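In what follows, chains are A, B, ... by sequence order, proteins preceding strands, each numbered from 1. Fair warning: this is a prediction, and the values are worked out from it, not measured in the lab.
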Amino acid sequence: MSQAQLDQSVDLEALRAKLAGKQGRQYWRSLEELAQTPEFRAYVDNEFAAGAPEWDDRFSRRSFLQIMGASLALAGLSAGCTRQPEEKIVPYVKQPEYVVPGKPMYFATSDVLAGYGRGLLVQSNDGRPTKIDGNPDHPASPGPFAPQKAGMTFGAADIYAIASILGMYDPDRSQAVKYLGEYNTWTAFTTVMSNAAEKIGTQQGQGLYLLTETVTSPTLIAQMQALLAKYPKAVWTQHEPVNRDQSRQGAMLAFGEDAQAVYHFDRAARIVAVDSDFVTTGPASVRQAHDFAAGRRVRAGIAAGEMNRLYAVESTLTSTGATADHRLALSPAEIDRFVRLLAAKLGISVGQVEPGAVDAEFVEVVAQDLAEHAGRGLVITGEGQPAHVHALVHAINEKLGNHGPNRPIEFIEPVAASLDQGQSLRDLVKAIDQNLVETLIVLGGNPVYNAPADLSFKAHYEKVQTRIHLGLYEDETAALSHWHIPQAHLLESWSDARSVDGTVGIIQPLIAPLYNGKTAHDLLTVLLGEGGRNGQRLVQDYWKTQISGAEFEKAWRKALHDGVVPGTQRAAKAVTAKAAVDLPRLSAARAANDQVDIILRPDPSVWDGRFANNGWLQELPRPITKLTWDNALLVSPATARDLGAKNGDVLDLTSGAYRLAAPVFITPGHADGCMTLHLGYGRMRAGHVGTNVGANAYALRQTDQPWVVRDVKVAHTGRTHQLVDSQKHHSMENRDLVRGGTLDEFLHNPASIAKSHHEDNLHLSLYEPYKFTGTQWAMTIDLTACIGCNACTIACQSENNIPVVGKAQVAVGREMHWIRVDHYYSNDANHPDPNQPESEFQPVTCMHCENAPCEVVCPVGATQHSDDGLNDMVYNRCIGTRYCSNNCPYKVRRFNFLEYQRPVAESLQLMQNPNVTVRMRGVMEKCTYCVQRISAARIGAKKRGITDPSISAGGDEDYNILDGEVVTACQAACPTQAIIFGNMNDPSSQVAQSRLPHQPHNYGMLTELNTRPRTTYLARVRNVHPKLAAATHEEHY
Amino acid sequence: MKRLFTPYTNTIARATALGVPLLVLIAGGFGRMWLDSSYETGVGEAIDQPVPFSHEHHVAGLGIDCRFCHLSAETSSVAGVPATEVCMTCHSQIWTNAQMLQPVRDSFEKGQPIQWVRVNDLPDFVYFDHSIHVAKGVGCAECHGEVHRMPMTWKAQNLHMTWCLDCHRDPEKQLRPKDVVFSTDWFSGARAKLGAEIARENKVNTKGLTNCSTCHR
């Protein structure tokens, strides 16, 4: 909802008093809701917000009525006379092998985030890639915990991987070679470059500089090495906005050499995340979230020691903090202090450290818990922490024996070149200053936008004689380059990439380049005088040098099929931490009241800005704030009050010579005295979607303060900016929707944690209860496992052709996501402060109620119940009364108000899933449990059933779908396997096993309404430390 | 005071009360006839194609099986329209100079596909699967008609939803033995009895066949 409508008028003290009087755990979604402000009430009471039926169209009301009248008069004629438009069938000229029209094919490939590869399984329909899943054979995208009994296995994936399909079809992508801003040709470029290469050759590459992002592609590295051999004086610079500079320096401090940690969360019983959002941030996050969740699958019969415990210490509330069993919000300076205190408690010499604002008991408990689980503990810190914190964390882990083979942390030789990227870029700028740079080739990346402000990269870049840029978009860097070459998307390219553990995945094209894009490989072949070598040959030739001759063809085909080259992970590396870490003096706390630390972090949706033009990602409500289409200064309610700032107030930030104005967004759970601003916004040339969205945090970023800008002066501008978040949309007014308790409570009385305050479960009916026999679909969502990463929402959007509506439409509550992830704050006796609440996530889909309230109110029968328990939605019958949505207690129905699917570009039509109807304006839609996948499985099972002797002709059903044959899109994408789907009448199915009576903590939402929902939940279980949980809820026992 | 209504008014009122509903009924009846008419549905209307392909010649004359060209009818939702290559298996040998086959040869030489006009076109919100119908014993001819008598191809059925549902509610009448599923001229006088037997054999079960999501999704 828009903050202009909901002015922040909440009194923290009053809320504290209010919460103090409550028993048990209180759940709330926003401070306004907690306070029940009149504005909030008004907003909730009006589901279809003000202005809902309006459209800023060209027609006046009068002309609209005229047209309506005319069209009504003609309706009788036109309905009969309009015949279906003629359609063409275009078969192949030569049918390719293996292609069966109507049957999708899957290919394994990789994509790259921050330089590191992640495995993909891409669905291709008639030659068009349409859907991306993870490749379960790739280490970065693991599949289900237990192997499926049948059906195709998908790996998990994160939002960036899934949404990259939209990136490929993006009509704003750069489509032509440009020279000085004018259209030109690749041939012209290669001619010019070949000539230039000769000249460069005569001076041994003097003056040739190449700027890439982090590179892990073995083929590209080999090409680069060949280039550097040919032109020994050429210089290769690497710059990636989200790099591992701090980790690298930390390892150097701790071990005297660079080493990269590989984390095995499944081996850890106690985890301490020190400002590390390991479950959703970074190229290893999917793997890490998966392994982490493996240690917290709370099911009936679990023993006390089988669940891991996560402590999170962080400034910004992240998914990791929200998932944690205990969380401590500290400002950056205090996090440093916390780590020192923890190290001191564990017997590492750190000198005298005052406890400061850090809760001493918390440190004590964490230290003791870690010591008790020595060798099975894992302390991890994030890239945002300075090198000495990394070094201290290494020392702590080493002290506890957490390092080593089969321990939670193993070390390997760094996967990417061990390089101080900050220094590398500084050197480049210095060389430009000294006029050493004649030709600068930017191979991917957008340094003009994302270089730290203190380098004034833009001004420097313009001084270079010849500037060549290869990029997916005509972005900020392209605008200042002499030559711009359109880059081929990864789904159009041949290449390879190493994942965080070193495993190589081959990148193969799913489609010929839509816009004649070129790869970095292509560009380098020109410089190497090998122009015309194609990408496939290049990658293949490189791997011929790595795999011995006779077996090559077989090994190559297998690597392409599996998506990974076996045996390529980096070998373990033995490292020993030094006895003592040289620590700088603890930085002082906040200098003055109008000064704060600004924490910079990659954005949970657009990362470092490269996904800024991706509408799916821009519109995706961010995991915690539920903000869409913007970034903002996230600040705690208490600090906002100190600064006198309200939601949407634009503040002026000054750090030395660097200034930025950005709006405030109040986020309970944020540490006091600091603010967080995400990178990746304020793009000037991103495309139609991403240009001029949000504030450019790079304007504050400095090479010596890449992640935390200290002592930034804050001033009010008096302006406001409309921030749109979905946190208050689809409010179900807090009727015991999220339930949970502690592991202790679960072990004593498992059902207690799922108990509702006003559940009666009478299931009264005047009629005989309907008997749901045969296959009956159901879903269970495990709230303990959910990390709120949004992968389900994006996977659903991709699978089900869900449109993007834009910021203005989100502001009036019209986002179309079929599955939303609600974020709740909660307070209990141990966490009474609304400034520092705990968090819960709850994904909400259509519940497919057995007694569906929507079905009975539809005047045209457009929503009906199917025999297999689905709440079917028939788009072609729907006339758009919206009665069903009004009667839906779960608020899961979405109405297409304004022809959101109107095709803006042909390329986007290619992306649509051919097995799902593209809905038009005026039609209600909602989660279907991926009915297209159910249909495909049912048809397969029916064909199988004809010859299957176990199915009798007179039986209830002529098919038997095996468990695992139907995997919904959200389920496939989920890294923690929080979503379980299947036939609940099959007693051995995973979903039946996850429901009552097998799982006593299974509950349905709003069951007191007698809706009998098919989507049910497993209550959230927290593994709290007894010393940090004082008064538990006695009433449960 | 002058009377407002004359005695005729009653007659007019009666005539209107009877006549208007009658007119509406008649109009409705004509409307329905219109919707079912072949003018509206296109049933029986031969459609111009880039190549005047004759099913009559190829099926009845030469005895080519449906699956020679529509090769994924048994395995996929789409039956498939043959690649130019398939035409050229024979036509690189026979009728190599026929003028009417020029588009086929052009397509093969230039690598440009032939653009056929769809004859049986379901709305985009309907998802039909050939393979399951074939597997359960619904012959091609049940929907596509006597293709072996079509010199040019036309639509044999109106493809209205009621027509689909007639069979989904009571499929037995439309089932046939496995060996004649691909026959277009098979006829049996005892279909009702035979159908029940085939339904048992192919385990045809109407449960779920009339769910909305069986065809719409």
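- Within a 6.0 Å sphere centred on CE of A/Met911, heavy atoms belonging to other residues, nucleotides or ligands number more than 12.
- Contact of A/Val874 with chain B is made through the side chain alone, with heavy-atom distances under 4.5 Å.
- The most heavy-atom pairs under 4.5 Å with chain B, out of A/Met873, A/Arg938, A/Lys88, A/His865, come from A/Lys88.
- Heavy atoms of B/Ser131 lying under 4.5 Å from chain A belong to its backbone as well as its side chain.
- Interface summary for chain B: among A/Arg919, A/Gln864, A/Lys942, the most heavy-atom pairs under 4.5 angstrom belong to A/Lys942.
- The candidate with the highest count of non-hydrogen atom pairs below 4.5 Å against chain A, out of B/Val119, B/Thr214, B/Asn211, is B/Asn211.
- The neighbour count for B/Phe30 CZ, taken as heavy atoms of other residues, nucleotides or ligands under 6.0 Å away, does not exceed 12.
- Using modelled atom types and a 3.5 Å distance limit, the side chains of B/Thr84 and A/Lys94 yield no donor-acceptor pair.
- For the pair B/Ser213 and A/Val931, the tightest heavy-atom approach, listed with the atom from each and the gap, is CB-CG2, 3.5 Å.
- In this structure, B/Phe128 places its CZ atom where more than 12 heavy-atom neighbours from other residues, nucleotides or ligands lie under 6.0 Å away.
- Other residues, nucleotides and ligands place no more than 12 heavy atoms under 6.0 Å from the CG atom of B/Asn97.
- Of all non-hydrogen atoms in A/Pro914 and B/Tyr127, the two that sit nearest each other are O-CE2, 3.2 Å.
- Across A/Gly102 and B/Val78, no two heavy atoms sit closer than the pair CA-CG2, 3.7 Å.
- Interface remark: B/Glu74 contributes backbone atoms only to the contact with chain A (heavy atom separation under 4.5 Å).
- Of all heavy-atom pairs spanning A/Ile946 and B/Asn202, the tightest one is CG1-O, 3.6 Å.
- The backbone N or O of A/Gln95 sits less than 3.5 Å from a side-chain atom of B/Glu85, completing a donor-acceptor pair.
- Contact record, A/Lys943 with B/Ala135: CG-CB, 4.0 Å, taken as the closest heavy-atom pair.
- Checked options A/Asp867, A/Thr775, A/Asp868, A/Asp956; the residue passing with B/Lys207 is A/Asp956 (criterion: side chain to side chain donor-acceptor pair (under 3.5 Å)).
- At a 4.5 Å heavy-atom cutoff, the contact between A/Glu957 and chain B is made by backbone and side-chain atoms alike.
- Residue B/Asp124 qualifies as open at atom CG: its count of foreign heavy atoms under 6.0 Å is 12 or below.
- Nearest heavy atom pair, residue B/Ile114 against residue A/Pro91, reads O-CD, 3.2 Å.
- Two residues are said to be in side-chain contact when any heavy atoms from C-beta on lie closer than 4.5 Å; B/Lys203 and A/Ile951 meet this criterion.
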**Message:** Run the side-chain contact (heavy atoms from CB on, under 4.5 Å) test on B/His216 and A/Asn876 for me, step by step, so that the C-alpha distance in whole Å, both residues' side-chain angles and the decisive distance to 0.1 Å come before the verdict.
**Reply:** CA-CA 9 Å; B/His216 303 295; A/Asn876 44 307; 3.7 Å; yes

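- When each of B/Val126, B/Val134, B/Asp121, B/Val81 is scored by its heavy-atom pairs under 4.5 Å with chain A, the top score falls to B/Asp121.
- The closest donor-acceptor contact from the side chain of A/Thr917 to the backbone of B/Arg217 lies under 3.5 Å.
- Only the side chain of B/Leu209 comes within less than 4.5 Å of a heavy atom of chain A; its backbone N, CA, C and O stay farther away.
- At a heavy-atom cut-off of under 4.5 Å, chain A is reached by B/Lys136, B/Met161 from residues 136-171 of chain B, listed in order of number.
- With a 4.5 Å cut-off on non-hydrogen atoms, A/Ile939 touches chain B through its backbone and its side chain both.
- The part of A/Asp872 that comes within reach of chain B is its side chain, from C-beta onward, which places non-hydrogen atoms under 4.5 angstrom from that chain.
- A donor-acceptor contact shorter than 3.5 Å links the side chain of A/Lys103 to the backbone of B/Thr75.
- Considering OG of B/Ser77 and CG of A/Asn915, their distance stands at 6.5 Å, rounded to 0.5 Å.
- Only the side chain of A/Arg877 comes within less than 4.5 Å of a heavy atom in chain B; its backbone stays farther off.
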